[in-house]
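Reviewing the structure listed below.
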Amino acid sequence: MKNRIRVFRAMHDLTQDQLASKLKVTRQTILAIEKGKYDPSLELAFKIARFFNVPVEEIFIFEGEG
Amino acid sequence: MSNLLTNTTMKRNTFFLVAGILAVIEVIVLWLSIEMNNPLPIQISILLGILVVYLARRSVTEVIQDERTTLISQKAAMHTLEIFWVIFTLVSISSVIYAFNRPFPIRPHFPPPPAELPIGGVFGFFGFFQLALLCLMIFLYVGFRMYYARKYGEFDTDEE
């Protein structure tokens, strides 16, 4: 699963640390999601989308089979 | 102690420092318990240690646990148990074989016949082996934890 968190973070001029504290997760989790090493839970994905005030599919791009 | 920990706040690194100091204290108390030939000090010390870590954790102001760290802990614990229970069962079943290969202790012999005397040595061996297994469990958990922590980006750095 790809995501555009880094882009949205840059648009809102936020550091990973700032975004992490807003979402109540660790900075390493934001970094891991950005690097594609960790896929967030649905709850966290929706939290991120709600934080940036966009639909979840605008941030997360599912690249499944077919 | 409880008030001290719950009314104060601490940083994440301070918490890890407290946990490290506690681990050293536990090892010292274990050694003392062996010297005193009394398991009570280490049993009480472990319970107190868990309580202190719990209270200290509540006073940490930064986020130290989230869904990713929970996933890492879960996977490490699951794989540790998967390996541990197989080895532990193999060892424990041996002690059961030795124990049941003797007259069942409903009416214990007094004085015990000479053939029953060496059992202490056998169970002493199992005691050491179980201690070794506990150490193995810790190493397994740390190993798996490091593996999954690396897999899920715990040690990654970023330019930001």
Side-chain angles (χ1 to χ4, degrees), chain A, chain B residues 5-20 22-23 52-82 140-160:
Chain A
M1 182 136 65
K2 282 189 173 176
N3 68 78
R4 299 174 62 218
I5 294 179
R6 193 179 289 263
V7 176
F8 276 90
R9 206 164 47 75
M11 283 162 59
H12 288 78
D13 198 22
L14 283 168
T15 63
Q16 288 170 342
D17 219 7
Q18 287 167 333
L19 180 60
S21 66
K22 298 269 185 201
L23 297 168
K24 302 232 181 319
V25 294
T26 60
R27 189 185 79 87
Q28 287 304 115
T29 296
I30 298 297
L31 175 58
I33 296 171
E34 283 185 359
K35 285 195 163 186
K37 286 196 165 184
Y38 173 67
D39 291 332
S41 66
L42 266 179
E43 189 184 344
L44 181 56
F46 275 98
K47 262 187 183 176
I48 294 167
R50 188 170 290 179
F51 179 80
F52 290 123
N53 208 19
V54 290
V56 74
E57 59 267 26
E58 234 179 86
I59 298 184
F60 295 96
I61 303 110
F62 179 63
E63 295 178 316
E65 293 166 37
Chain B
L5 284 169
T6 47
N7 292 338
T8 53
T9 57
M10 66 170 78
K11 295 264 182 193
R12 184 171 47 185
N13 287 346
T14 315
F15 168 72
F16 289 131
L17 189 67
V18 168
L22 271 173
V52 171
V53 167
Y54 172 73
L55 292 172
R57 194 172 186 153
R58 283 178 53 174
S59 66
V60 177
T61 50
E62 296 165 74
V63 177
I64 55 170
Q65 191 174 19
D66 60 16
E67 58 177 49
R68 187 186 54 88
T69 59
T70 304
L71 180 73
I72 291 169
S73 301
Q74 279 174 350
K75 288 205 169 197
M78 191 182 71
H79 289 297
T80 301
L81 279 177
E82 276 174 356
L140 275 175
Y141 182 74
V142 170
F144 277 124
R145 211 187 147 83
M146 284 179 76
Y147 170 76
Y148 283 109
R150 212 170 92 163
K151 183 177 175 184
Y152 292 117
E154 186 70 30
F155 307 122
D156 284 0
T157 51
D158 199 42
E159 68 281 3
E160 187 131 39

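Labels below follow one simple rule: chain letters A, B, ... track the order of the sequence lines, proteins then strands, and each chain is numbered from 1.
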Discussion item. Taking side-chain contact (heavy atoms from CB on, under 4.5 Å) as the definition, give me every residue that meets it alongside A:Val56, ordered by chain and number, with sequence neighbours left out.
Written reply: A:Ala45, A:Phe46, A:Ala49, A:Phe60

Practice prompt. Any pair with a residue in residues 37-47 of chain A that passes side chain to side chain donor-acceptor pair (under 3.5 Å), sequence neighbours left out, goes on the list, sorted by first then second residue, please.
Written response: A:Lys37-B:Asp156, A:Tyr38-B:Glu67, A:Ser41-B:Glu67

Worksheet, complete the sentence: Expected contact set for residues 143-151 of chain B against chain A at heavy-atom separation under 4.5 Å reads B:Arg150, B:Lys151

Item to complete: Heavy atoms only: give me the nearest B:Val63-A:Thr26 pair and the separation to one decimal.
Response: O-CG2, 3.4 Å

Worksheet, complete the sentence: Whatever's closer than 4.5 Å to a heavy atom in chain A on B:Leu71 counts as side chain

Discussion item. Applying salt bridge (charged side-chain N to carboxylate O under 4.0 Å, His left out), can you list everything that pairs with B:Glu154, at least two apart in sequence or on another chain?
Written reply: B:Arg68

Discussion item. Counting only heavy atoms from other residues, nucleotides and ligands, does the tally under 6.0 Å from CZ of B:Phe155 exceed 12?
Written reply: yes

Response to the item:
For B:Gly153 and A:Ala32, the nearest pair of non-hydrogen atoms, with its separation, is CA-CB, 4.5 Å

Fill in: Option that, when pairs with chain B are counted at under 4.5 Å, heavy atom only, ranks first among A:Ile33, A:Val25, A:Leu23
A:Val25

Worksheet entry | Separation of A:Gln28 CD from B:Asp66 CG (nearest 0.5 Å) | 10.0 Å

